[in-house]
Amino acid sequence: MGKNTVITVKSLSQHQDLILDGSMLGGGLSGNIRIPGDKSISHRSLMLGALAQGETIVHGLLLGEDPRSTAACFRAMGAEITELNTEEVRIQGIGLGNLREPADILDAGNSGTTMRLMLGILASHPDRFFSVTGDSSLRTRPMSRVIQPLTKMGATIWGRESNKLAPLAIRGQHLKPMHYHSPIASAQVKSCILLAGLMTEGQTTVTEPALSRDHSERMLRAFGAQVDVDPETKSVTVTGHPTLTGQTVVVPGDISSAAFWLVAGAIVPGSDLTVENVGVNPTRTGVLEALAMMGADITLENQREVAGEPVADLRVRHGKLKACKIAGDIIPRLIDEIPVLAVAAAFAEGTTVIKDAEELRVKESDRITVMAKQLNAMGASVSELPNGMEVTGGRPLHGAEVDSFTDHRIAMSLAIAALMAKGTTTIHRAEAASISYPTFVETLEQVIGS
Ligand code: S3P
């Protein structure tokens with residue numbers, strides 16, 4: 001494999017271009033790699049560790065910018081969170097209901113999970129005042145989806161544009177339990193309401209139109225809460241006022257980060273790559289099902305259960321891909337992987353149709369418009385649908401100047417596309433990758449052998 005395939009990549013700090021030259025790839029991607037800890041589980045371990053009594057130790061935590069935002073918010077409210085090394089933290093919890101009123105504005109940064117889950121916790125801490133903001137992307141993302149149900153529980157929350165957008169101000173209240181029928185399958189909405197339910201007298205239930213990731217349910221149980229799940233009706237019930245006790249949490253590798261390498265291995269000829277220690281919770285494995293529909297050669301090896309979450313090593317080998325349809329209940333189980341699945345579709349024979357994914361428009365960027373524009377700039381054929389996209393595969397890609405729009409998953413998806421593009425691709429604002437994957441570039445260099 002060619003040296004210099006990656007031309008400018010050393011560290012992703014402020015406003016860095018990632019420059020890749022796909023024509024210089026001499027062979028397939030190979031080796032055994034590890035990916036950082038799961039972002040969703042990392043956030044939850046920090047929050048529950050802070051709310052529990054006693055000490056929580058988290059192994060394999062993602063120390064990307066998003067979980068760092070969560071840690072900073074909960075430190076400001078009294079939890080002691082100590083980084084023991086690059087992947088381990090110790091949290092001295094303060095006990096449910098004991099959050100201190102922070103002296104300053106809480107900053108969720110770029111992280112929707114931090115803001116939405118934390119709102120459930122803040123709104124249910126009576127007699128305290130909190131203000132919460134985020135970066136320019138987060139301040140455009142809809143918060144009414146959690147503010148409305150919390151208000152029905154008795155919460156007092158103010159925000160911009162008639163209580164829809166951050167910055168937000170919250171006066172904590174004694175909330176009432178409720179049964180919320182969520183119009184969207186969103187783990188952030190579900191988790192927000194369940195976390196608020198912890199501080200109510202009685203049972204709080206969330207029913208979703210399709211099952212979203214269940215990390216909150218698993219971890220709440222592990223910390224001692226009573227959580228009942230009815231898979232038939234897609235409902236989850238939490239019983240208020242549990243005793244949460246500090247735990248040892250082992251965070252598996254993030255399948256959303258593994259997805260970049262799975263697609264890379266599938267599209268780059270000659271590849272044989274193993275991604276070790278990947279969380280394969282069934283509420284997250286839609287990407288494996290979609291790639292299987294496309295004919296990708298991916299095998300699950302060494303399947304095991306680690307601290308309540310299923311884990312496996314994923315081996316991917318290059319092969320011919322064919323188009324498929326991705327729609328319906330699978331969408332919440334692969335929502336974050338759609339940008340990189342669009343890249344896979346650009347190398348698959350036929351037209352891949354992605355539908356029922358309107359949620360993509362309110363992620364860190366409008367991922368439908370942004371991915372379509374950037375992939376088309378590289379020579380792909382992608383057309384936008386109101387709730388998804390159509391990607392006709394098989395056109396040769398060429399290098400181009402593209403932009404992450406400060407969205408981490410866009411930056412990394414474009415890097416994977418660039419591996420198979422002829423000529424030089426410059427990805428502007430590629431530092432966004434460090435939101436969820438601070439070591440992305442190092443691993444990229446490792447798999448291409450530069
Ligand atoms: C997440 C839920 C998903 C996902 C996000 C993380 C979580 O968002 O896109 O990256 O940790 O609960 P929605 O709940 O908005 O679908």
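Counting starts at 1 for both ligands and their atoms, following the listed order.
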Look at [X] together with [Y] and state whether they make a salt bridge at an N to O cut-off of under 4.0 Å.
X    : Y    : answer
R68  : D107 : no
K39  : D336 : no
E359 : R145 : yes

**Report entry** Pair S212-K190, side-chain hydrogen bond (donor to acceptor under 3.5 Å, both in side chains): steps then yes or no
**Finding:** CA-CA 8 Å; S212 64; K190 173 176 68 179; 3.1 Å; yes

Query raised in the report: Applying the side-chain contact (heavy atoms from CB on, under 4.5 Å) test to S42, which of L62, V58, T113 qualifies?
Result: L62

Tell me, which protein residue and heavy-atom name are nearest [atom], and how many Å apart are they?
atom                    : value
atom 12 (O) of ligand 1 : R44 NH2, 2.6 Å
atom 4 (C) of ligand 1  : D336 OD2, 3.3 Å
atom 1 (C) of ligand 1  : Q188 NE2, 3.6 Å

Could you tell me which atoms of ligand 1, counted from 1 in the order shown, lie closer than 4.0 angstrom to a heavy atom of [X]?
X    : answer
A187 : 12 (O), 14 (O)
S40  : 1 (C), 6 (C), 7 (C), 11 (O)
I335 : 9 (O)

Requested in this report: Measure H43 to ligand 1 on non-hydrogen atoms and call it side chain, backbone, both or neither using the 4.0 Å cut-off.
Outcome: neither

Requested in this report: Of the side chain and backbone of R213, name the one, both, or neither that has a heavy atom under 4.0 Å from an atom of ligand 1.
Outcome: side chain

Query raised in the report: Just by modelled atom types, is the F129 backbone N or O under 3.5 Å from a matching donor or acceptor in the E101 side chain?
Result: yes

Query raised in the report: Between the side chain of E208 and the main-chain N/O of S186, is any donor-acceptor distance below 3.5 Å?
Result: yes

Query raised in the report: Of the choices K363, R141, R116, which has the non-hydrogen atom that lies closest to atom 8 (O) of ligand 1?
Result: K363

**Report entry** Nearest neighbour of atom 13 (P) of ligand 1 from the list S256, S186, G112, on a heavy-atom basis
**Finding:** S186

Query raised in the report: What do you reckon, does L117 have a nitrogen or oxygen under 3.5 Å from a nitrogen or oxygen of ligand 1?
Result: no

**Report entry** Side chain to side chain, T114 and L138, heavy atoms closer than 4.5 Å
**Finding:** no

